[in-house]
Amino acid sequence: MAATAERTTIATTGLTKRYDDIVALDEVSLELADDAIGLLGANGAGKSTLMRALLGLVEPDAGTARLLGIDAAARGLELRRRIGYMPEHECLPSWMTARDLVVHLGELRGLPRRIAVLRTSEVLFQVGLEEERLRLIGTFSTGMRQRVKLAQALVHSPELVVLDEPTNGLDPQGREEMLELVRRLSRDLGIRVLFSSHVLEDVERTCDAVVVLRDGRVAAQGRISELRGREAGSARISAVGDLGALRAALTARGVRVEDGEEGWLAVHGDPAMLPDAVRDACAETDVSLRALLPGDRTLEDAVIGAIA
C-alpha cells in the first residue's frame with residue numbers, strides 16, 4: 001500500500017539526471033515512509049546525485065523528487081529548513097571550538113542566539129562532546145570531528161537528517177559509537193534518517209528500510225525485514241553433543257553446514273529433505289536436537305541477488 005503524503009519520507013517518480021554523456025540517475029522511482037532509510041550503493045552508483053536531487057540542490061532532467069512530502073525542486077528552501085545535513089568530507093574550521101561552531105550554524109539556520117546556545121549544549125551532550133565543547137576543532141580526532149558534524153546537523157531540531165557516510169574514517173570503536181548514535185535518532189529521538197553508505201552492515205544495523213542503487217538505477221528497495229524474507233532450503237539448528245560428528249553426518253547427506261550465531265549451526269539443502277536429514281543425522285550421532293528453525297536470508301543475500 002502506498003504511503004500517505006504526510007508520512008512519506010522519500011518519494012521520486014522517473015527521476016533522471018545526466019551529466020553530459022553520464023547518466024547519474026536513470027528513471028529512479030521510490031516511495032518509502034520508514035523512519036530510518038539506508039541509501040546503499042558502490043561509489044558512482046548515484047547516491048550523491050539522488051541526495052542532491054532530494055535536497056533540491058540539483059535540477060533533474062526529468063521526473064520529480066519529494067522529501068517529507070515536499071517537492072524538492074519547487075519548495076527547496078522550505079524543505080532545507082526542516083532537515084539537517086551531515087556531509088561526508090572534512091569541512092570544519094580548525095580555529096573554532098565545537099561550541100562556537102554549532103552555535104553559529106544554529107543562528108544561521110534562524111535560531112535566536114539564546115536558543116542556539118541552549119540547543120548547542122543539548123546536542124553536544126547527545127553526541128558525547130559536552131566535555132570537549134571548548135576545545136579547538138583542530139585538536140579533535142576523526143571520531144570527534146564526525147560527532148561535531150552530527151551535532152550541527154541536529155542543532156535546529158530537524159524533522160529529518162541526511163547522513164553522508166557518517167562512519168567514514170572511523171576506527172572500530174568510533175564506528176560502533178557512531179552507529180549507536182544514528183540508531184538512537186529515529187528510535188529514541190523521533191528524528192527521521194536518510195543514511196547514505198557503501199557499507200551494507202552499517203545500513204542493516206541502523207535502518208528500517210533500504211534503497212539499493214546500481215549504475216543510477218534502483219536495484220532493490222523496501223523494508224529490510226521484507227527483503228531478507230525466508231530462504232527456502234535453509235534452517236538454523238541448536239544441538240547438544242558431538243557437533244563435529246553431526247557436521248560429518250549432515251555433509252554425508254548432502255547438507256551444507258556453516259557456523260551460525262553462538263550455539264547454532266546454519267544448514268542448507270533440498271527443502272524437501274532437509275528436516276529428515278537433520279533428524280536422521282542427530283539420531284545417527286546421538287546428538288540431542290534442541291531447536292530447528294527456518295533460516296533467514298541475509299540482507300547481503302538480497303542485495304547481491306538484486307544486483308547480480
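Bear in mind that the values here come from a model prediction, so they are computed numbers and not experimental data.
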Backbone N or O of [Y] within a donor-acceptor pair of the [X] side chain at under 3.5 Å?
X: Ser238; Y: Arg236; answer: no
X: Asp71; Y: Ala73; answer: yes
X: Ser196; Y: Glu165; answer: no
X: His156; Y: Ile83; answer: yes
X: Arg133; Y: Glu130; answer: yes
X: Thr142; Y: Leu170; answer: no
X: Asp34; Y: Asp208; answer: no
X: Glu88; Y: Asp164; answer: no
X: Thr12; Y: Val28; answer: yes
X: Arg253; Y: Val278; answer: no

Original post:
Would Arg187 and Glu180 pass as an ion pair if we require N to O under 4.0 Å?
Top reply: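 Salt bridge present between Arg187 and Glu180.
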
**OP:** Could you please spell out the steps behind the salt bridge (charged side-chain N to carboxylate O under 4.0 Å, His left out) verdict for Arg119 and Glu107?
**Re:** CA-CA 11 Å; Arg119 282 292 300 154; Glu107 290 181 293; over 6 Å; no

Using side-chain heavy atoms (C-beta onward) and a distance below 4.5 Å, is [X] in contact with [Y]?
X: Leu92; Y: Phe140; result: no
X: Thr285; Y: Asp242; result: no
X: Arg99; Y: Val117; result: yes
X: Gln146; Y: Leu181; result: no
X: Leu32; Y: Gln221; result: yes
X: Leu194; Y: Thr9; result: no
X: Gln152; Y: Leu101; result: no
X: Val182; Y: Asp202; result: no

Gap separating the [atom1] atom of [X] from the [atom2] atom of [Y], nearest 0.5 angstrom:
X: Thr167; Y: Arg175; atom1: OG1; atom2: CZ; result: 6.0 Å
X: Lys17; Y: Leu25; atom1: NZ; atom2: CG; result: 9.5 Å
X: Met273; Y: Arg279; atom1: CE; atom2: CZ; result: 11.0 Å
X: Arg66; Y: Thr8; atom1: CZ; atom2: OG1; result: 8.5 Å
X: Leu124; Y: Glu122; atom1: CG; atom2: CD; result: 10.5 Å
X: Arg217; Y: Leu213; atom1: CZ; atom2: CG; result: 11.5 Å

Hydrophobic cluster identity match, [X] and [Y], side-chain contacts under 4.5 Å:
X: Ile70; Y: Ile191; value: no
X: Ile137; Y: Val127; value: yes
X: Met96; Y: Leu129; value: yes
X: Tyr85; Y: Leu185; value: no
X: Leu250; Y: Leu243; value: yes

**OP:** Report the C-alpha distance between Leu265 and Asp259 in whole Å, list the side-chain angles of each, state the deciding distance to 0.1 Å, and finish with yes or no for side chain to side chain contact (heavy atoms under 4.5 Å, CB included).
**Re:** CA-CA 5 Å; Leu265 294 176; Asp259 290 326; 4.0 Å; yes

**OP:** Kindly indicate, with the supporting measurements, whether the criterion side chain to side chain contact (heavy atoms under 4.5 Å, CB included) is fulfilled by Val193 and Thr206.
**Re:** CA-CA 9 Å; Val193 172; Thr206 57; over 6 Å; no

Look at atom [atom1] of [X] and say whether more than 12 heavy atoms of other residues, nucleotides or ligands are closer to it than 6.0 Å.
X: Arg290; atom1: CZ; result: no
X: Gln126; atom1: CD; result: yes
X: Ile22; atom1: CD1; result: no
X: Arg205; atom1: CZ; result: yes
X: Asp286; atom1: CG; result: no
X: Arg18; atom1: CZ; result: no

Original post:
Pairs in or reaching into residues 137-150: which pass salt bridge (Lys or Arg N to Asp or Glu O under 4.0 Å), with residues at least two apart or in two chains?
Top reply: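 Those involving residues 137-150 are Glu90-Arg145, Arg147-Glu177.
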
Could you report the tightest heavy-atom contact between [X] and [Y], atom names first, then the distance?
X: Ala98; Y: Val148; result: CB-CG2, 4.1 Å
X: Gly174; Y: Asp171; result: N-OD1, 2.6 Å
X: Ala116; Y: Val155; result: O-CG2, 4.3 Å
X: Leu292; Y: Ala235; result: CD1-CB, 3.8 Å
X: Leu289; Y: Cys282; result: CB-SG, 4.0 Å

Contacts under 3.5 angstrom, residues 36-59 side chains, donor-acceptor by atom type, not counting sequence neighbours:
unit_1 : atom_1 : unit_2 : atom_2 : d
Lys47  : NZ     : Gly41  : O      : 2.8
Lys47  : NZ     : Ala42  : O      : 3.3

**OP:** Given side chain to side chain contact (heavy atoms under 4.5 Å, CB included), test Asp215 with Asp26 step by step and report yes or no.
**Re:** CA-CA 8 Å; Asp215 298 330; Asp26 191 359; over 6 Å; no

Subject >> Audit row: Leu150, Leu163, side chain to side chain contact (heavy atoms under 4.5 Å, CB included) steps and yes/no >> reply: CA-CA 8 Å; Leu150 179 58; Leu163 310 176; 3.9 Å; yes

